[in-house]
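Each ligand, and each atom within it, is numbered from 1 in the order the structure gives. Just the heavy atoms: all of them, side chains too, but no hydrogens, waters or symmetry mates, feed the values below. Position 1 is the first residue of the sequence, and the numbers go up from there. Values in this document were obtained by computation on a predicted structure and should not be read as measured data.
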Amino acid sequence: MATLLDGKKIANEIQSEVAQRVLEYKNHNKRAPHLGIILIGEEGASNTYVNGKINACKAVGFEYTLLQFAVTITEGKLLKQIEQLNKDDDIDGFIVQLPLPKHISVDQITTLIDSKKDVDGFTNHNFGSIVSHQPLLLPATPFGVIELLKRYKVKTKGKHCVIVGASRIVGAPMSLIMVKQGQSTVTICHKFTRDLAEHTRRADILIVAVGEPGLITTDMVKSGAVVIDVGITRVPDTTKKSGFRLSGDVDFENIAPKCSFITPVPGGVGPLTIASLLLNTLKAYEQQYT
Ligand code: GUN
């Protein structure tokens, strides 16, 4: 049976470390780090994620400001808001919760965020820094995954890492982080990949970030592999009070017995994404304010 990679436990460790640092700054009469969060519309999943981020800020002693807008906000108004946050010396970092409404371009928005305050690590500048000797603010989810692997002492050097999903937020930066920090050999698969199973079966480390429950079945995983499931999809479930449960991309029940390490969903990668956001916000604060 695999060792469970307990993201919640590691995220709690990181939270305690961040809280300790914040306390030290406050004891030296410095103000707390301050995170801005832009949330657009009423999408249930985004609301849940933002609540998680706010609770984490409270837990570590950060200040936070939530700016909420109707789904009808124009791109121009949002861009103005971002310019204001860029100029605001009291805000160390901010995020724009995704997804955005269709009439707003994610590329336009991320291009305008000041890279020093880009605590999601979405700007081209921060993305590019992954391959430099001095990485800046790393994309939160991939940063969380590498941190999880490091803290569980999972060997990555020289291993074959197969990533399923090539998104800008997860798959693409994950591949660079595994090459540079993990020193792994990397294969990236995406929706156009033929014979997906042929690739996934060769993985020593399999990272899946697609958002398709049940995509990865037992026959697609090598015995002894490390399996990281980044997918979090709401699946209707009448036995739950909320009416849904969260599901990853991996058939956890059947795959766990044959692999060496595996992340659960929920409680795996999700909490690490928030922990990375805290680490990035602390770093942005230290670089601009202290
Ligand atoms: N939506 C899903 N994941 C993320 C994330 O890491 N950051 C932001 N801003 N939005 C998201």
**Asked** atom 6 (O) of ligand 1: which protein heavy atom is closest, and how many Å away?
**Response** Asp120 OD1, 3.8 Å
**Item:** NZ (Lys222) with more than 12 external heavy atoms under 6.0 Å
**Value:** yes
**Item:** Which residue and heavy atom of the protein sit nearest atom 11 (C) of ligand 1, plus the separation
**Value:** Gln97 NE2, 3.4 Å
**Message:** Tell me which one of Asp251, Val210, Ile255 satisfies side-chain contact (heavy atoms from CB on, under 4.5 Å) with Ile216.
**Reply:** Ile255
**Message:** Taking the ring of Tyr285 and the ring of Tyr25, is the distance between their centroids below 6.0 Å?
**Reply:** yes
**Item:** Short N or O distance, Thr273 and ligand 1, threshold 3.5 Å exclusive
**Value:** no
**Prompt:** Is it the case that Ser105 and Asp107 place a side-chain donor and acceptor less than 3.5 Å from each other?
**Reply:** no
**Asked** Does Phe122 have a non-hydrogen atom less than 4.0 Å from ligand 1?
**Response** yes
**Request:** Tell me which one of Leu98, Leu277, Val96, Val106 gets a heavy atom nearest to atom 1 (N) of ligand 1.
**Result:** Leu98
**Message:** When you compare ligand 1 with Ala140, is there at least one nitrogen or oxygen pair between them that comes in under 3.5 angstrom?
**Reply:** no
**Prompt:** Between Thr141 and Thr273, does any side-chain donor sit less than 3.5 Å from a side-chain acceptor?
**Reply:** yes
**Prompt:** Side chain, backbone, both or neither: which part of Lys53 comes within less than 4.0 Å of ligand 1 when only heavy atoms are counted?
**Reply:** side chain
**Prompt:** Do NZ/NE/NH1/NH2 and the carboxylate oxygens of Glu63 and Arg31 come within less than 4.0 Å?
**Reply:** no
**Item:** Closer than 4.0 Å: a protein non-hydrogen atom to atom 9 (N) of ligand 1
**Value:** yes
